[in-house]
Peer 1: 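Once you've had a glance at the structure underneath, I'll fire off some questions.
Just so you know, these numbers come straight off a predicted model, no measurement behind them.
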Amino acid sequence: EVNADPVEERFYLPETDFPTEIVHHTHFSLGYLESEEQAAWVAYRLTVAELNLPRVPRYDHFDPDYSVSSGSAFHRDYTGSGFTRGHLVPAADMAFDSASMRQTFLMSNISPQRRAFNNGIWRELEEQTRDWVRRNKELYIVSGPIFRPDHERIGQNRVGVPDAFYKVLLDVKDPEWKGIAFVIPNEISEEPLTSFACSIDSVEAMTHIDFFSHLLEPGEETKLEKVYDISLWPIHPQRYRWRIQEWNHQ
């Protein structure tokens with residue numbers, strides 16, 4: 001059994017300059033954005049030890065998150081909308097713990113994603129992130145939606161449909177501390193993942209979210225968030241082919 005980070009030690013949680021309700025689950029936390037009925041961010045630390053544990057069965061039942069005081073979206077908000085219920089914390093990242101697996105199916109962790117995005121490039125990035133965790137031993141991971149001002153809404157609860165999604169990754173284990181981010185439009189993509197890589201700073205500018213301010217000293221934060229080196233984040237070439245040939249069409 002892997003011990004969860006105690007809530008008071010989750011000093012890697014982001015900060016926003018807009019109101020969110022912070023909700024702590026067993027192995028991840030999120031900042032719930034009531035105006036969009038989904039999380040503005042989800043954050044957690046993932047380790048190779050967790051990925052190496054036996055997998056629990058996939059849960060697959062979407063539940064409201066009753067720990068959100070204003071009430072979360074419901075499964076039915078997505079029904080017939082043309083959008084899939086996309087995970088922000090992937091179920092497979094929490095497959096080492098049955099409670100955490102179930103918590104990834106709470107509607108606070110779900111966001112409207114186009115099917116070809118969810119099954120395609122977002123899946124590729126999620127699988128690739130687990131490879132990077134294995135390679136680097138542990139990563140801090142933050143994901144969330146990005147909205148255009150005039151975005152679509154779905155369901156009775158008027159859930160906001162994101163224009164794009166971001167994932168921010170930070171490795172603070174020696175020998176090389178490094179960070180990278182990805183911003184990917186919520187649509188089918190034929191482009192390689194590297195086309196969407198960017199600095200953590202650029203995601204902060206887009207989202208008005210400050211990542212890792214409690215985790216890094218100010219000098220380190222500036223250095224790690226301003227630049228990224230794609231060569232330090234090798235990408236599995238076969239997955240791109242699978243996405244183009246199969247996943248985009250599922």
Side-chain angles (χ1 to χ4, degrees), residues 10-17 28-29 31 39-48 51 86-90 92-93 111 113 117 120-147 162-187 189-241 243:
R10 294 183 187 181
F11 44 74
Y12 48 83
L13 302 184
E15 294 193 329
T16 61
D17 59 9
F28 66 94
S29 298
W41 55 263
V42 298
Y44 55 106
R45 184 175 67 116
L46 188 59
T47 67
V48 67
L51 290 179
H87 285 68
L88 295 174
V89 179
D93 284 12
S111 184
Q113 294 182 342
F117 169 84
I121 194 165
W122 192 241
R123 172 184 172 179
E124 185 185 356
L125 180 57
E126 288 175 341
E127 292 191 5
Q128 187 57 64
T129 298
R130 289 189 286 277
D131 284 357
W132 288 327
V133 170
R134 290 185 180 96
R135 180 186 172 90
N136 296 296
K137 304 298 183 268
E138 75 173 42
L139 291 178
Y140 292 94
I141 302 170
V142 187
S143 295
I146 298 175
F147 298 95
D163 183 48
F165 288 86
Y166 68 85
K167 195 177 285 289
V168 172
L169 306 170
L170 185 70
D171 166 26
V172 289
K173 278 184 108 60
D174 294 333
E176 54 192 8
W177 290 28
K178 56 187 180 292
I180 196 168
F182 294 83
V183 172
I184 309 179
N186 187 10
E187 60 193 28
S189 175
E190 306 272 316
E191 299 293 314
L193 266 181
T194 47
S195 307
F196 303 101
C198 58
S199 69
I200 296 174
D201 269 352
S202 62
V203 182
E204 291 188 330
M206 266 181 252
T207 57
H208 306 286
I209 298 174
D210 185 8
F211 302 105
F212 309 127
S213 58
H214 301 295
L215 182 62
L216 299 169
E217 298 296 321
E220 286 169 348
E221 190 180 2
T222 307
K223 194 170 69 186
L224 280 170
E225 295 188 353
K226 193 180 292 184
V227 296
Y228 67 97
D229 179 351
I230 197 76
S231 71
L232 300 176
W233 303 88
I235 287 175
H236 188 304
Q238 182 64 43
R239 275 203 197 101
Y240 173 65
R241 292 194 286 276
R243 166 159 58 96

Peer 1: Indicate yes or no for a side-chain donor-acceptor contact from Trp41 to the backbone of Leu13 under 3.5 Å, with no hydrogens or angles considered.
Peer 2: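 No, Trp41 side chain to Leu13 backbone: no donor-acceptor pair under 3.5 Å.
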Peer 1: Against Arg130, only a single residue in Leu51, Leu139, Val48 fulfils side-chain contact (heavy atoms from CB on, under 4.5 Å); can you say which?
Peer 2: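 Among Leu51, Leu139, Val48, the one meeting side-chain contact (heavy atoms from CB on, under 4.5 Å) with Arg130 is Leu51.
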Peer 1: With sequence neighbours excluded, give me every side-chain hydrogen bond (donor to acceptor under 3.5 Å, both in side chains) pair touching residues 204-218.
Peer 2: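 Those involving residues 204-218 are Glu15-His214.
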Peer 1: Please round to the nearest 0.5 Å and tell me the distance separating atom CG of Leu193 and atom CD of Gln128.
Peer 2: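 The CD atom of Gln128 is 6.5 Å from CG of Leu193, to the nearest 0.5 Å.
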Peer 1: Give a yes or no answer on whether the side chain of Glu225 reaches the backbone of Gly179 with a donor-acceptor pair at less than 3.5 Å.
Peer 2: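 No, the answer is negative, given that no donor and acceptor are paired below the 3.5 Å cut-off.
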Peer 1: As an exercise, state the distance from CH2 of Trp122 to CZ of Phe182, rounded to the nearest 0.5 Å.
Peer 2: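 Reported to 0.5 Å precision, the distance equals 10.5 Å.
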Peer 1: Is there a donor-acceptor pair under 3.5 Å between the side chain of Arg243 and the backbone N or O of Ser189?
Peer 2: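 Pair found, side chain donor or acceptor close to backbone of Ser189.
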Peer 1: To the nearest 0.5 Å, tell me how far Ser199 OG sits from Leu224 CG.
Peer 2: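 Those atoms lie 11.5 Å apart.
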Peer 1: Do Arg10 side-chain atoms and Phe28 backbone N/O form a donor-acceptor pair below 3.5 Å?
Peer 2: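 Present.
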Peer 1: Hey, what do you get for CZ (Phe196) to CG (Leu125), rounding to the nearest 0.5 Å?
Peer 2: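 Going from CZ on Phe196 over to CG on Leu125, the span is 10.5 Å.
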Peer 1: Looking at OG1 of Thr129 and CD of Glu124, how far apart are the two atoms once the value is rounded to the nearest 0.5 Å?
Peer 2: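 One gets 10.0 Å once the value is rounded to the nearest 0.5 Å.
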Peer 1: Would you confirm whether Trp132, through its side chain, and Pro234, through its main-chain N or O, come within 3.5 Å as a donor-acceptor pair?
Peer 2: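 Yes, the answer is positive, given that a donor and an acceptor are paired below the 3.5 Å cut-off.
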Peer 1: Which residues satisfy the salt bridge (charged side-chain N to carboxylate O under 4.0 Å, His left out) test with Glu191, sequence neighbours excluded?
Peer 2: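 Scan of Glu191 (salt bridge (charged side-chain N to carboxylate O under 4.0 Å, His left out), adjacent residues dropped) gives none.
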Peer 1: To the nearest 0.5 Å, what is the distance between CG on Leu216 and CZ on Phe211?
Peer 2: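 With rounding to 0.5 Å, CG (Leu216) is 12.5 Å from CZ (Phe211).
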Peer 1: Might you work through the side chain to side chain contact (heavy atoms under 4.5 Å, CB included) test for Val183 and Val203, ending with a clear yes or no?
Peer 2: CA-CA 7 Å; Val183 172; Val203 182; 3.7 Å; yes
Peer 1: Just to verify, what does Arg241 make a side chain to side chain donor-acceptor pair (under 3.5 Å) with, not counting sequence neighbours?
Peer 2: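 Partners of Arg241 by the side chain to side chain donor-acceptor pair (under 3.5 Å) criterion, ordered by chain and then number, come out as Gln238.
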Peer 1: Checking the side chain of Tyr240 only, and the main-chain atoms of Glu190 only, is there a donor and an acceptor separated by less than 3.5 Å?
Peer 2: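 Yes, Tyr240 side chain to Glu190 backbone: donor-acceptor pair under 3.5 Å.
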Peer 1: Answer yes when Lys226 and Asp201 have at least one side-chain N-carboxylate O distance shorter than 4.0 Å, and no when they do not.
Peer 2: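 Salt bridge absent between Lys226 and Asp201.
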